Every structure is written in structure tokens, then in C-alpha cells.
There are 2 protein chains.
Amino acid sequence: MELTTAEENYLKAIYHLSEEGKKSVSTNDIATAIQTKPASVSDMLRKLGEKEVIQYRKYYGLQITELGKRLALQTIRKHRLWEVFLVDKLHFAWDEVHEVAEQLEHIQSPLLIERLDAYLNYPKFDPHGDPIPDEYGDVRSRPRIALNEMNIDQGGQIVAVKDSSAAFLRYLDKVGAYIGARIKVLDKVEFDGSVEILVDQKKTLFMSKDVASNILVLQS
Amino acid sequence: MELTTAEENYLKAIYHLSEEGKKSVSTNDIATAIQTKPASVSDMLRKLGEKEVIQYRKYYGLQITELGKRLALQTIRKHRLWEVFLVDKLHFAWDEVHEVAEQLEHIQSPLLIERLDAYLNYPKFDPHGDPIPDEYGDVRSRPRIALNEMNIDQGGQIVAVKDSSAAFLRYLDKVGAYIGARIKVLDKVEFDGSVEILVDQKKTLFMSKDVASNILVLQS
DNA sequence: ATTTATTTTTAGATATATCTAATTTTATTT
DNA sequence: AAATAAAATTAGATATATCTAAAAATAAAT
């Protein structure tokens, strides 16, 4: 089963929206996610339905099929592996990789991905801390918690960010709260939800609730 | 000027056929080279003519323009750099690379190609022995200069070291002056020949003359 | 339960890239 | 030079992917 680049992009968006715990994925949601118009989405949903990567009934909504999930995860796997390559090998910054990976993820060559995976040493997480599915679509996801929801004296490791906008990533980089940093919660201010944390056992950092709620931590 | 993937493929074929010393490139030749029908070629030639990458007069034939040559060479450069990557880094056999490189050559990202070039150590030939054009389409290599001989405000990219002892490489790695890093000379101290440089537009670095004179820079 | 608003879909256009079949132009032969 | 062959182009279709504007279906509000 072969998908076009456009179809892959739609399916990936549908997968992500489905995973976000929403009861159903709307045509409008997809249009927003993919920066297109609802009319185009309707058309594409019909096609994806015919290809049986989603179950689609007009006006009723859609559900991604097992086949669809498998294909979406393959694309996500490729995207994240390329991100690792760009950051680890080509010294791209976190916030520079997305656009390029969006293109690279559509390259068709199972051998290429197999070799790339090996070359990168079978990474389990991308530079944003998101898990990389294996070739069968399995993910080893660990339980993660938002930084602002941790208790005082609890420790852990920053593994991902919710908001991966360039501005936010630049900010994190600047204050030294990189993916992989070991942190510990020193204090929480009830009033505004801000937190004080210790980074790598040396630097203390104050963070607003807004910032902290966008940082995901693997508790230890 | 932006070309579509199809246009890039046609232009590349036209460039190759033109280089083969033939007096003129025929519609049929192109159709054969690109595995398509003459009717499709006629259509595309009109479009390429409008975009001024070729000079085209119906029934008379075509000639690739300077602009066309430049764009074709850029695509060829990308194709051959990816081939080097696939063979040198991912251990593809030389006869397995073509198909994948045909896809990779269309990825749009000047930064990616710049970094890839650096990562591969500025190869001059691909695995088939064909020369890799530089970013201007030239096959000749540009002059490199020792870092301590650059002028203030001049920028460039670290491309090699004279002294490649382990100790020196460790030092470079530690301060973040890796091969491929984009640098700019911020200041020079007359007294001892030391320099201050900006690395990747964020980190400033001081270097003694001894260190700087062992670093070779490709000026931009 | 009607009316109103929102969401979704369809109808009809546009743009790219391709094809087959028909036509036109150029080249070759007699 | 007229007839024939070859090459190149146009006309008209098809397929993908998108859009705007209109219509249809569902959801929300009075």
C-alpha cells in the first residue's frame, strides 16, 4: 500500500489528533493542524477511507484503522530519526530541525531507514524527547509528568516539551533547561503556580507556571 | 526562483544531455532519458522556457541558460553529496545509492546541504568518481585560510585543521569549534596574535595565535 | 420544536504533470 | 519538387491536490 506525500501528512495529523485523547477528530481540527481548508480535508478523508487507513462516514466522523496507525507510526519514526540525525550529526539546533524533517520523512527506502537507525545507534527518543517507534510501530513510552505538577523535593529528568515553538525552545536553551537535564523541585509558589528548580545539581532556576506546564519530566 | 521536483528532473536531464557534447538536445532524447513521452516533454519545455532556465523555440530546439546551468548543478551537487553520505556513512554499496539519492536531491534546505558537505569533509568526488560542484556550481575548490590570518568581521566555516593530534581535536571539541562550524572574527589582538570569534552566531570564543593558526577556514 | 449557527460536504475552478491520439512542422527520399 | 517519413507539438483526458462559493447536514439556542 502506497501513500502519496499529501496522504502521509494527513494521516500523520489524524494520528496525532487521535492520540491527544479527544473523543473524535473533526474535519476542522485536521484543516487547522495541516494548514488547509475544510473542503480539502473532506476530499482527502474520502480517499483515505477508500484506502482503508481510516474508517470514514460522512458527517459522522472518522476513526483511524490499525493499518492507518501502522503507516502513521512509520512516518513518525522516520521524522524522528531524521531529527536525531540533524541534531546529533549535523549540529542543527532543536528549533531548526522540524521543517527539514518534514521533507525527509517522505523519502521512500526501507533500507535507508534501517541503516540510519543503526548509524544513530538505535535512539529511543528524538531531540524533543518524543519516543521513536520501532519498525513495527511499537513505542516504549515512559510515564511523564508536567513540571508544575511535581511535588517539592521530587527529582527527575526533562524528557520532552509540549510547546515546541522556536521561541520556547530558544528560551529553554538560554536558561539551560535542556532535554536530558536532571532536575529537582526546590520550591513551589501556591499563589501563581511558579516553581523553583535545581538543574544538574548546581543551578537554581525560577519558572512561571506557563513555562513549567510545558516541560515534561520523567520522575525518578 | 523555485522549481518543482519534476522541473528539476527535466533540467538535470537536459544539463547532462547538453554536456554530452551533442550539438543539440532533442525532445525524443529527453523523453528517453527521463522515461516519459515526447508530448510531456514538449509541455515541460514550454514551462522551462517561461522560467528562463532554457531558451526554447518550438521545433528548433533548446539551449540551457546560465541560470539553468546553475540550478542543474545545484541539484547534481545535492545528489552526489547524498551519494557520498549513503556510501561513506550508511555503508550502501555504490550501486544501491542512485534511487535514494534521486529522492534526497530534491530536499529543499541550503543549511542542510552546507552542513552535510562539512560533515562529509567537503568531498570533491562522489562514489562513482564524478566531481561534486561547489555551492556556486564550480568544480574548482575555493581557497582556505588560517583563522589567525582572517580580518575582523570576516565570516567563514571551519573546514580543516593543520594539526590533527588527538589533544588538539579534543580541545576543539571541548570549546565547540567543530569542523563545519560557522564562525566570524569579532576581534584580533595585535600584541599576541590571539583572536576572538563568534561560533554559530551564539558563542564567543578566545583563541591563542597557536590554536588559530592551526584552524583552516573557508571564507564566505 | 423552530430557528439560527456551525460544521461538513459538494460543485465547480485552477494548477501540475502525465497520457493517447491527432495535427503540424521539419527532414528525407525518390 | 512532390511524396513520404520522422519528429515535435497541440488538443483533449485523466489523476492529484488544492481553492472558493454554495448547499446540505448536524448542533446549539431561543
Side-chain angles (χ1 to χ4, degrees), chain A residues 1-14 17-18 20 22-64 68 71-72 75 102-103 105-108, chain B residues 1-14 17-18 20 22-64 68 71-72 75 102-103 105-108:
Chain A
M1 239 274 292
E2 303 265 298
L3 297 183
T4 66
T5 293
E7 286 168 346
E8 277 185 358
N9 283 334
Y10 273 92
L11 191 57
K12 197 166 54 115
I14 290 167
L17 289 169
S18 300
E20 277 169 17
K22 291 183 180 158
K23 42 210 147 238
S24 74
V25 178
S26 78
T27 300
N28 272 341
D29 287 347
I30 298 168
T32 303
I34 227 163
Q35 304 248 66
T36 187
K37 296 288 182 287
S40 309
V41 176
S42 282
D43 231 55
M44 185 57 93
L45 292 183
R46 189 183 44 73
K47 281 191 229 169
L48 293 178
E50 280 168 14
K51 294 206 171 185
E52 301 191 327
V53 294
I54 61 171
Q55 252 191 297
Y56 174 56
R57 277 174 62 206
K58 296 196 298 192
Y59 296 106
Y60 265 70
L62 65 94
Q63 194 165 6
I64 193 163
L71 294 176
T75 306
E102 283 291 298
Q103 296 181 60
E105 73 187 7
H106 300 296
I107 303 290
Q108 305 278 356
Chain B
M1 239 277 291
E2 303 266 295
L3 296 182
T4 66
T5 294
E7 286 167 346
E8 277 184 357
N9 284 334
Y10 273 93
L11 191 56
K12 198 165 55 114
I14 290 167
L17 289 168
S18 301
E20 277 169 17
K22 293 186 179 153
K23 41 208 153 243
S24 74
V25 179
S26 77
T27 300
N28 272 342
D29 288 346
I30 298 168
T32 303
I34 227 164
Q35 304 247 67
T36 186
K37 295 290 181 288
S40 308
V41 176
S42 282
D43 229 55
M44 186 55 95
L45 292 182
R46 189 182 45 71
K47 281 192 227 166
L48 293 178
E50 280 166 15
K51 294 205 171 185
E52 301 190 325
V53 294
I54 61 170
Q55 253 192 297
Y56 174 56
R57 278 174 60 207
K58 296 195 299 190
Y59 296 105
Y60 266 70
L62 66 93
Q63 193 164 10
I64 192 163
L71 294 177
T75 306
E102 282 291 297
Q103 296 180 61
E105 74 187 6
H106 299 296
I107 303 289
Q108 305 279 352

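Just so you know, these numbers come straight off a predicted model, no measurement behind them. Throughout, protein chains are lettered first and strands after them, A, B, ... in sequence-line order, and every chain is numbered starting at 1.
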Contact under 4.0 Å: [X] side-chain N or O vs [N] OP1/OP2:
X	N	result
A:Asn28	C:dT6	no
B:Thr27	D:dT9	yes
B:Tyr10	C:dT16	no
A:Thr36	D:dC19	yes

What integer distance in Å separates [X]:[atom1] from [N]:[atom2]?
X	N	atom1	atom2	result
A:Lys51	D:dA15	NZ	P	13 Å
B:Leu48	C:dT18	CG	P	11 Å
B:Glu8	C:dT16	CD	P	15 Å
B:Glu7	C:dA15	CD	P	14 Å
A:Ile30	D:dA17	CD1	C1'	16 Å
B:Lys37	D:dT9	NZ	P	17 Å
A:Lys47	D:dA17	NZ	C1'	6 Å
A:Arg57	D:dT26	CZ	P	10 Å

*List the protein contact pattern of nucleotides 22-27 of chain C with one symbol per nucleotide (5' to 3'): B for base contact, S for sugar-phosphate-only contact, - for none; contact means a heavy-atom distance under 4.0 Å.*
--BSS-
Name the closest nucleotide to the [X] side chain, picking from [options].
X	options	result
B:Ser40	D:dA8, C:dT16, C:dT18	C:dT18
A:Thr4	D:dT9, D:dT18, D:dT16	D:dT16
A:Met44	C:dC19, C:dA17, D:dA17	D:dA17

*Look at all strands and tell whether B:Ser42 reaches a base, only sugar-phosphate, or nothing, counting heavy atoms closer than 4.0 Å.*
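Result for B:Ser42 = base.
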*With heavy atoms under 4.0 Å as the rule, sort A:Ala6 into base, sugar-phosphate or nothing.*
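Sugar-phosphate, backbone atoms only, no base.
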Would a 4.5 Å heavy-atom cut-off, applied to side chains only, mark [X] and [Y] as touching?
X	Y	result
A:Thr27	A:Leu62	no
A:Tyr56	A:Lys58	yes
B:Tyr10	B:Leu45	no
B:Ile64	B:Val25	no
B:Leu11	B:Thr75	no
A:Glu105	A:Lys12	yes

*asked:* Quick one, B:Met44 with B:Ile30, criterion side chain to side chain contact (heavy atoms under 4.5 Å, CB included). Give me CA distance, side-chain angles, the key distance, then yes/no.
replied: CA-CA 11 Å; B:Met44 186 55 95; B:Ile30 298 168; over 6 Å; no
*asked:* Tell me every residue that passes salt bridge (Lys or Arg N to Asp or Glu O under 4.0 Å) with A:Lys47, counting only those two or more places apart in sequence or in another chain.
replied: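 Per chain and number, A:Lys47 pairs via salt bridge (Lys or Arg N to Asp or Glu O under 4.0 Å) with no residue.
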*Looking only at heavy atoms, what is the nearest atom pair of A:Ile34 and A:Ala13, with distance?*
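Closest pair (atom of A:Ile34, atom of A:Ala13, distance): CD1-CB, 4.2 Å.
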*If you draw a 6.0 Å radius around CD in B:Glu50, do more than 12 non-hydrogen atoms from other residues or ligands fall strictly inside?*
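More than 12 within 6.0 Å, yes.
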*Between the two ends of the helix from C:dA1-D:dT30 to C:dT30-D:dA1, what is the bend in degrees, rounded to 10 degrees, where each end axis spans five pairs?*
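The angle separating the two end axes equals 10°.
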